[in-house]
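Shown next, in structure tokens, is the structure this report addresses.
For this chain, numbers begin at 1 and follow the sequence in order.
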Amino acid sequence: MTTSRCDVLVVGGGPAGLIAAREVASSAPDLDVMLLERDRAIGAPVRCGEGVGHAGIADFMDPVDAPWVSRRITRVVFVAPDGTQVRVAEGDVGYVLDRSRFEPAIAEEAGRSGAEIVIGTEATSVARTDYGWRVATRGPAGAGTIDARLIIAADGVESMVGRWAGLDTRVPSRDMESCAQYVVAGIAFDPDAIYLHFGSDIAPGGYAWVFPKAVGVANVGLGVVALRAEHGRSARAYLDRYLESYFPTGVRTGYTVGGVIVSTTLARTVTDGMILCGDAAHMINPLSGGGIVNAMKSGRLAAHVAVDAVRTGDASAGRLERYHGEWMRLLGDDHVRFYRIKEALGKFDDAFFDHLARSVNGIPEHRRTLGRIFARALVRHPALFPVVAKYFV
Ligand SMILES: Cc1cc2nc3c(=O)[nH]c(=O)nc-3n(C[C@H](O)[C@H](O)[C@H](O)COP(=O)(O)OP(=O)(O)OC[C@H]3O[C@@H](n4cnc5c(N)ncnc54)[C@H](O)[C@@H]3O)c2cc1C
């Protein structure tokens with residue numbers, strides 16, 4: 001049995017946890033910070049489309065010529081159910097990452113700043129003590145315990161740590177997307193563009209994506225809301241059908257599945273001595289399903305609130321509540337609006353999106369802003385007005 005003690009214990013070595021560990025270690029070198037990752041490698045296996053926006057990622061790491069970028073993206077193409085393509089962005093749109101190198105790069109920065117990164121070690125339960133929390137662990141050397149003043153729970157979509165501490169982390173099934181993705185080689189597409197393909201036959205409740213990794217190679221995946229799938233058809237079955245239709249000669253060199261929570265932030269993201277961040281706190285953009293940058297932003301926020309709490313000797317839920325408020329102002333309130341838009345859009349059929357795509361193509365490419373696209377949608381469906389009004393309030 002191994003035992004150890006630290007000020008801040010981060011559970012989970014994804015983008016949220018790694019940024020949290022990096023920020024605690026760099027902003028408070030006097031505090032002991034430890035990060036546990038149950039997988040045997042940081043950044044692997046990759047269960048992700050790996051797409052991120054330029055501004056979001058550049059806020060944390062310099063993406064220019066970075067070895068963890070697979071592809072720079074300069075265009076976004078929406079594809080309507082009938083195949084009509086709409087180009088909606090041009091310029092420094094974003095990147096398709098190589099997460100197997102990206103996360104180790106953050107881990108290296110965290111480690112250099114003084115965080116202890118422990119791989120192959122899983123948190124298995126938590127219990128409240130006078131010190132803070134006692135965390136039971138299972139690792140290469142067997143069972144152990146870690147005493148921590150404060151826990152940052154960044155344990156992802158299957159999060160258990162918050163639940164063990166009594167927080168309600170359940171996800172309504174209508175807000176859970178099942179995703180499947182292949183890495184596909186030998187296919188033809190614009191390698192500088194990401195494609196988002198909508199349609200009730202393609203991906204009910206979600207969309208299919210083509211995110212370039214290199215010329216001729218892409219992450220091709222889709223997410224479906226299981227409740228909307230025909231006859232319980234799986235995400236993989238939808239994806240196989242998609243590939244047969246659109247990339248029949250593509251060579252599949254990798255496969256992954258995973259869940260994405262397309263909901264709003266948990267009502268409570270803190271309890272005594274504990275802060276939840278990233279997917280564990282349901283901080284994914286419910287419209288796009290993107291969660292990497294959100295996870296990093298919440299990890300940074302969690303780190304700063306955690307340092308303040310440990311320094312002042314007050315890690316009570318009341319003191320940590322500041323984290324929840326700051327997150328809601330930063331992105332959480334936007335997610336409530338995005339969720340409403342998602343709900344409203346979910347009521348329209350494929351014909352609406354086909355018509356909207358053709359109509360938007362009538363707007364010159366350099367003038368296609370989100371506002372103008374909404375305006376076109378409103379002309380056809382005035383019922384969208386209340387939703388859009390809420391979005392802009
Ligand atoms: C198929 C798919 C495609 C996606 N595509 C995109 C995309 O293109 N762009 C985007 O922005 N987002 C995408 N996402 C979402 C994105 O992957 C997540 O939002 C993001 O990884 C969240 O980061 P996180 O740090 O909160 O959690 P994670 O990245 O899930 O990290 C959590 C970590 O905690 C570890 N862990 C869990 N439990 C324990 C425990 N008890 N003890 C120790 N360690 C533990 C896990 O092993 C994991 O490494 C996609 C998701 C899926 C499933």
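- With 3.5 Å as the limit, one finds a donor-acceptor pair spanning the side chains of Ser316 and Asp314.
- A salt bridge links Glu158 and Arg38; the closest N-O separation between the charged side-chain nitrogens and carboxylate oxygens is under 4.0 Å.
- Under the 4.0 Å criterion applied to side-chain N and carboxylate O atoms, Glu343 and Arg174 are assigned as salt-bridge partners.
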Q. Please walk me through it: do Asp190 and Tyr195 pass side chain to side chain donor-acceptor pair (under 3.5 Å)?
A. CA-CA 9 Å; Asp190 176 353; Tyr195 295 78; 4.8 Å; no
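- For the residue pair Thr269 and His324, a side-chain donor N or O sits within less than 3.5 Å of a side-chain acceptor on the partner.
- The aromatic rings of His54 and Tyr95 lie tilted to each other, with the angle between the two planes from 30° to 60°.
- Taking the six-membered ring where the residue is Trp, Tyr207 and Trp209 present perpendicular rings, their angle passing 60° and hence far from 30°.
- Arg134 and Thr145 form no side-chain donor-acceptor contact under 3.5 Å, judged by distance and modelled atom types alone.
- In summary, Arg300 and Glu23 do not engage in a salt bridge, as defined by a charged side-chain N under 4.0 Å from a carboxylate O.
- Here the closest non-hydrogen pair linking Val33 and Ala25 is CG1-CB, 3.8 Å.
- Closest heavy-atom contact between Phe353 and Pro81: CB-CD, 3.9 Å.
- When only modelled atom types and interatomic distance are considered, Tyr182 and Arg236 share a side-chain donor-acceptor pair under 3.5 Å.
- Here the CG-CD distance, from Leu18 to Glu109, works out to 10.0 Å after rounding to the nearest 0.5 Å.
- A cation-pi arrangement, defined by a distance under 6.0 Å to the six-membered ring centre and an angle within 45 degrees of its axis, is present between Arg233 and Tyr238.
- In this structure, His335 and Met283 approach most closely via the heavy-atom pair CE1-O, 3.3 Å.
- Val215 is not connected to Val77 by any chain of hydrophobic side-chain contacts under 4.5 Å among Ile, Leu, Val, Met, Phe, Trp and Tyr, and they are in different clusters.
- For the residue pair Tyr323 / His304, no side-chain donor-acceptor distance below 3.5 Å is found, with atom types taken as modelled.
- Residues Thr74 and Asp192 bring no donor and acceptor atom of their side chains to less than 3.5 Å of each other.
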